Amino acid sequence: MTSALKPKHQRLVLIVLAVAALIGATLLAMVALRDQASYFYVPSDIAENPPEPGQAIRLGGMVEEGSIVELPDGVSVTFVVHDGVARVPVTFTGILPDLFVEGSGVVADGSMDVSGTFVAENVLAKHDENYMPRELEDMTPDQVRETIAETTG
Amino acid sequence: MIPEIGLAALWLAAALAALQLLAGFIGARHDNAEIASLARPAALLQAILCGVAFLCLLYVFAVTDLSVKLVATNSHSMKPMIFKLSGAWGNHEGSMLLWITVMAIAGGAIALIERRLPEKTMMATLSAQSFVGLGFYAFLLIASNPFERLTEIPPEGNGLNPLLQDVGLAFHPPTLYIGYVGLSIAFSFALGALLTRNVTPDFARVMRPWVLAAWIFLTIGITAGSYWAYYELGWGGWWFWDPVENASLMPWLAATALLHSASVLAARDALRTWTIMLGVIAFSMSMVGTFLVRSGILTSVHAFAVDPQRGSFILALLVLYIGGALVLFALRASTIAEGERFSVMSREGALVVNNVGLSAILGVVLIGTLYPLFTEAFDVRVSVGPPYFNPVSAIFFLPMMLVLMVGPLLRWKSDNAGRIMKPLALIGAVMLTVLIRSLFYEDIGLLPFLGLVLAAGVAVASVAPLFGRSLRRTPLAIWGMCVAHLGIAVAMFGMAADTAFQKERLVAANVGDIVEVGPWTGQLDTVNAVAGPNWTAMQANLTMSYEGGPGQEAHPQSRNFWTPVMETSEVALLTRWNGQLYVAVGNQGQDGRWQLRLWWKPFVTFIWYGGLLIALGGALALVGRVASDLRRRRHADEEDMEDELAEATA
């Protein structure tokens, strides 16, 4: 038992234990992150390099004017997200955020299905002058202008 | 005039912090009692001045003084008074003033009360406290002056983010800040002990009540924040692993570990260096959290404004304090003598597992939170959510729970397992029963399944230390431990039950339609418009009944605020002892039907009851510790008097 150890050795054992646990945690975290982090895509990324169907991703872009269609079940919608280059059809079942309108910026969590439609699980579009999805900063100047006009105007 | 008084008070307080730094340092370094005697009054006066500055800020918000920039950008004369006041800290500058005020009051409190440590260590501690304080004064006065005036007074203010206009939330930031910043005391004590090479059980006993107090507030703050997110965001979740939530969880994990290692140091004079390290880490995590939340590096409702200057300022403070403390630790750690030995099978051994587990979870959460920032530097944007955090933290959490069942039953120093076989057998039997029962539920998922089983075990184990004791003579600190551990079991049960058994329905309903979810049935009676002081709303009126019982009304709203323009969802909650019905109303479709989202969440309220129990346990322990300290002090005083009498008669 450890009680036979000198204090110095006991301390060493504790340090080794703590360091091992932390290194273990770090390695585990890194491995898990490689699998579990969901990557951010804009529509042109998806066009160039489509993600695996079912892989969790985030999609960001602008909601195309005139593309929002309510489905007959009353709780699902389809719309198109574009970034000025490519377009991605999206379906979402649930209550849309209040500031979700055509022509506004949107970020959605979900995954692609086999037919190339993005199935959104969660749609984030709440933004006022203090809250804008950070990913939107990556958009083309054109879209940024549009977004700014929409959020401040 | 009032804003200028506030600003002047802040500058004076900053000057006093500089004085305290010098006086404490010289006092500790050169044993100069005359100079050292300045440190305590400086700390006290600083607390008073910061209090004055904070009252000034409350005043300008209360009267909506629009000539102050902060009021004009964050308040509005039409807001209810409670939100005018809470608006004072619902913004970047005001929240930093709150931070520094809490820090100054905490520093003033130790200066006033704490006399148990050697004066030299105390001086070094006060010096460290003011050194940290100075950085935040600089940040406040240079980069975020809350009292800045406008040359042109606007006719009306901008208002407060409607999501923040909520009674629960009015008290969420102060509670959390008292917790965050209260940990600065542990940081300063750790630095003081390192500087004067004085790491003793006494040091742990002195530090413990302060850490406990901060930890209680942190626990309440996290619990309240979770409940707020649950009913205000309208998504029915209680923990999102949002970076902002993680920012409050990380100091809590470190403080929890610190509390446990401090009790080893206090009782057994072991884990000396480790306790010091945790003292440094706990407040470092508070500062990392503040950096993440306030610098604008993350966007959320908590990041009030994106301002790179402020971000770099906080980052510089972070590097200075955390880096400095770690360097000091590296230089001095080897000079701290080894503590007492203990066997693996002992209370200490179990607490080491607790500490290693908590540290590992802290590491996992920290890495997951920082990872997106790290990849962003390489232009890859990722988000890290529950698929990462849940399983990876569970790997460390689940074994910790097993040790939690055994640890409190073990004796200090060394014990044998045979002695505690009886309670262990009882715990095992209860877990086995729940395990077999849970196997009959289909599709509840591995983590909720393990959660149910472990919650049952921890619940029994948490009260096991009371078996065979005279309940009246059990010290309050033991009661505190039992209640806090029971709280963990209760919260874990709530999380597992909600995840495993919740029912969700999303429907589009006409007025008069029947809606059903889980054991609830009811109908959408009417939808009408309602108005509040600064909003209008569409309100759905439902009558819902639980398993055919009497109808209960639910009135979820979709609110439109005008100042600033924003829509929010006000959910309706019907609470029973065994769960909550959660109703949110969405938009009206083109065919006139209303979107309704209903959840039946069995035992979800146990999550927050558990959080409150954990805090209550902390409070009991705190009262117990402080009371026994006072008793000991009174005893010592009496002995002193007897000694003096004896000397006088001799």
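Keep in mind the model is a prediction, meaning the values are calculated, not measured. Every heavy atom of this structure was used, including side-chain atoms; hydrogens, water molecules and symmetry mates were not. Residue numbers start from 1 in every chain, and the chains themselves are labelled A, B, ... in the order their sequence lines are given, proteins ahead of strands.
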Looking only at heavy atoms, which two atoms of [X] and [Y] are closest? And how far apart?
| X | Y | result |
| --- | --- | --- |
| Ala32(A) | Val392(B) | CB-CG2, 3.4 Å |
| Ile95(A) | Ala584(B) | CD1-O, 4.0 Å |
| Arg593(B) | Pro72(A) | NH2-O, 2.6 Å |

Taking every non-hydrogen pair under 4.5 Å, which of Leu506(B), Val356(B), Thr375(B) racks up the most with chain A?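 Result: the option with the highest number of such pairs is Leu506(B).
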Applying a strict 4.5 Å limit to non-hydrogen atoms, the region of Leu33(A) in contact with chain B is both
Does any backbone or side-chain atom of Ile57(A) lie under 4.5 Å from a heavy atom of chain B? Answer side chain, backbone, both or neither.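 When you check distances to chain B, no heavy atom of Ile57(A) falls under 4.5 Å.
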Distance col, row Arg34(A):CZ vs Tyr388(B):OH, nearest 0.5 angstrom, shows 13.5 Å
| said: If I take atom CG from residue Leu28(A) and atom CZ from residue Phe396(B), how far apart are they, to the nearest 0.5 angstrom? | reply: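 Interatomic distance, Leu28(A) CG to Phe396(B) CZ, rounded to 0.5 Å: 5.5 Å.
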| said: Please identify, among Gly24(A), Ala21(A), Ala20(A), Gly94(A), the residue contributing the most non-hydrogen atom pairs under 4.5 Å to chain B. | reply: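 That would be Gly94(A).
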Test item: Leu14(A) and Leu271(B) side chains (from C-beta on) under 4.5 Å apart, heavy atoms:
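In contact.
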Whatever's closer than 4.5 Å to a heavy atom in chain A on Ile395(B) counts as side chain
By a 4.5 Å heavy-atom criterion (distance strictly below it), what part of Thr273(B) contacts chain A: side chain, backbone, both, or neither?
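Just the side chain, heavy atoms under 4.5 Å.
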Q.
Could you check whether any side-chain N or O of Gln595(B) sits under 3.5 Å from a backbone N or O of Gly74(A), counting only pairs where one atom can act as donor and the other as acceptor?
A.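 Such a contact is found between Gln595(B) side chain and Gly74(A) backbone.
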